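Protein chains get the first letters and strands the later ones, always in sequence-line order, with residue 1 at the start of each. A quick note: this is a predicted structure, and the numbers were derived from the prediction, not measured.
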Number of protein chains: 2
Amino acid sequence: MRYQQKERRQENLRDIIARNPLLTDRELAVYFGVSVPTIRLDRAELGIAELRQRTRLVANEAIELRALGQQEIVGKLLELKIGRCGRSELMIDKTMILTKAQAARGHHLFGQANSLAVALIDAEVALTGSAEVKFLRPVRLKERVVAEGRVIKRKKDKYWIEVVSRVNGEDVLSGKWIMFGFAAAAFAAGEGE
Amino acid sequence: MRYQQKERRQENLRDIIARNPLLTDRELAVYFGVSVPTIRLDRAELGIAELRQRTRLVANEAIELRALGQQEIVGKLLELKIGRCGRSELMIDKTMILTKAQAARGHHLFGQANSLAVALIDAEVALTGSAEVKFLRPVRLKERVVAEGRVIKRKKDKYWIEVVSRVNGEDVLSGKWIMFGFAAAAFAAGEGE
DNA sequence: CGATTTTTATTACCTGGTCATAATTATAAC
DNA sequence: GTTATAATTATGACCAGGTAATAAAAATCG
């Protein structure tokens, strides 16, 4: 009655474990209406590791991701004179590139420059008012982008900032920002949640 | 000789497990120069779960992060006529906001608009040449940003594109892109790695 | 029908624990 | 010194979720 389903079951098994790696053999056995040894056999034939190894692999991934998340996506500050000028660097890693183009996605370069602009503002809360950005050439994997920003003008809460990003001295991005700086208290009035 | 160090050891234990949750009791025992039962006692007194539970917790985190990563950071396409116009939406979640300002980081909005511009290009590889962007008002948690883009002009590989992003019909970002579209083969010439 | 494949059962063993109990230490108190 | 106390270690019985190997049973096909 339920025979010759080996192939189909094994395909499903592969999918299900891929989507949910934290299922025990017993749970899988119940799911497929088959005995635990059958599931073990299937896993063996498919080269799928046991639950605890799978869990560990996923956990390791999490630890890497966590480390990645903590390393600011928008670059590391090299020097900063608040209200004056500053520099930051960004290493282009594989998570930032469009695979086809082998070039960094524009918003990473924008993010670096924008974050530098934020850091330059002498205020608790900085918002991007407007930005005018030119992408001068694509940036590739493993290149080191150094952004250099300067405050050109300031009137009260309004700041004019220029940023140029370079790879090996060659300009890759240039832009002008107009930003607003507030005290956090003044801003917090309009919060949600 | 090695006595009365219980407190210090337990503090260290807490730290070490927090930083590296995937250590077995045996490894910890070796590290502290103490027996495995002592480590178990310490864990019990500190309310720290066993290795496999810790691993599972970290793995669950990873699965959530993975799910987050797959939901494109740069928005979901609503409609697209390649070479003509298109619309995409982006839900602002807690990972996109600057905690102090309660406003979305600029590069997410930029990323959405930029990605839409890329999608509009009728080419295998699209690069941002230059962009001129205005951020008209900050965007907050849980707001739904709809970006609308149009190709205004095209000369060979060069495209002029306009994008306007709105929340509830209100403009929050507007910008003009100049982009270049290539066939992937033509581009792949200058690859690294 | 018999041969073959698939599935199930069974057993011994492994890791990394739990829990409880007992024995051993180290340290300070008298 | 001896003793009370706290900290540490040892021990044994048990558990989940496996590995690995072997045998038995069931389903399918020629």
- Task: Specify the separation, in whole Å, of atom CG of A/Asp25 and atom P of C/dT8.
- Result: 13 Å

- Task: With heavy atoms under 4.0 Å as the rule, sort A/Arg54 into base, sugar-phosphate or nothing.
- Result: nothing

- Message: I'd like to check A/Ile39 versus A/Val34 (side-chain heavy atoms, cut-off strictly below 4.5 Å). Are they in contact?
- Response: yes

- Item | Over 12 non-hydrogen atoms of neighbours within 6.0 angstrom of CZ in A/Arg150 | no

- Nucleotide of D/dT9, D/dG17, D/dT19 approaching A/Arg26 most closely (side-chain heavy atoms): D/dG17

- Item | Note, B/Ser88 side chain near B/Leu77 side chain (heavy atom, < 4.5 Å) | yes

- Between atom CZ in B/Phe32 and atom P in D/dA7, what is the gap in whole Å? 17 Å

- Starting from C1' on C/dG16, measure out to CD1 on B/Ile17 and report it in whole angstrom. 14 Å

- Message: Of the options C/dT7, D/dT9, C/dT18, whose atoms approach the side-chain atoms of A/Arg9 most closely?
- Response: C/dT7

- Item | Between C1' of D/dT8 and CG of B/Asp42, the distance in whole Å | 10 Å

- Note on the structure: B/Glu27 atom CD is separated from C/dG17 atom P, nearest whole Å, by 9 Å

- What's the CD-P distance between A/Glu45 and D/dT19, to the nearest Å? 13 Å

- Query: Which nucleotide sits closest to the side chain of B/Arg40: C/dT10, C/dG17, C/dT15?
  - Reply: C/dG17

- Message: Atom CG of residue position A/Asp15 - does it have more than 12 heavy atoms of other residues, nucleotides or ligands inside 6.0 Å?
- Response: yes

- Query: What is the distance from CZ of A/Arg52 to C1' of C/dC14, rounded to the nearest Å?
  - Reply: 9 Å

- Query: Nearest of D/dG18, C/dT7, D/dT9 to any side-chain atom of B/Val34?
  - Reply: D/dT9

- Query: Which of the following nucleotides, C/dT18, D/dT9, C/dT7, is nearest to the side chain of B/Pro37?
  - Reply: D/dT9

- Are more than 12 heavy atoms from other residues, nucleotides or ligands located less than 6.0 Å from atom CZ of A/Arg137? yes

- What's the CG-P distance between A/Leu41 and D/dG18, to the nearest Å? 15 Å

- Item | Selection from C/dT8, C/dG16, D/dA10 that lies nearest to any side-chain heavy atom of A/Thr38 | C/dT8

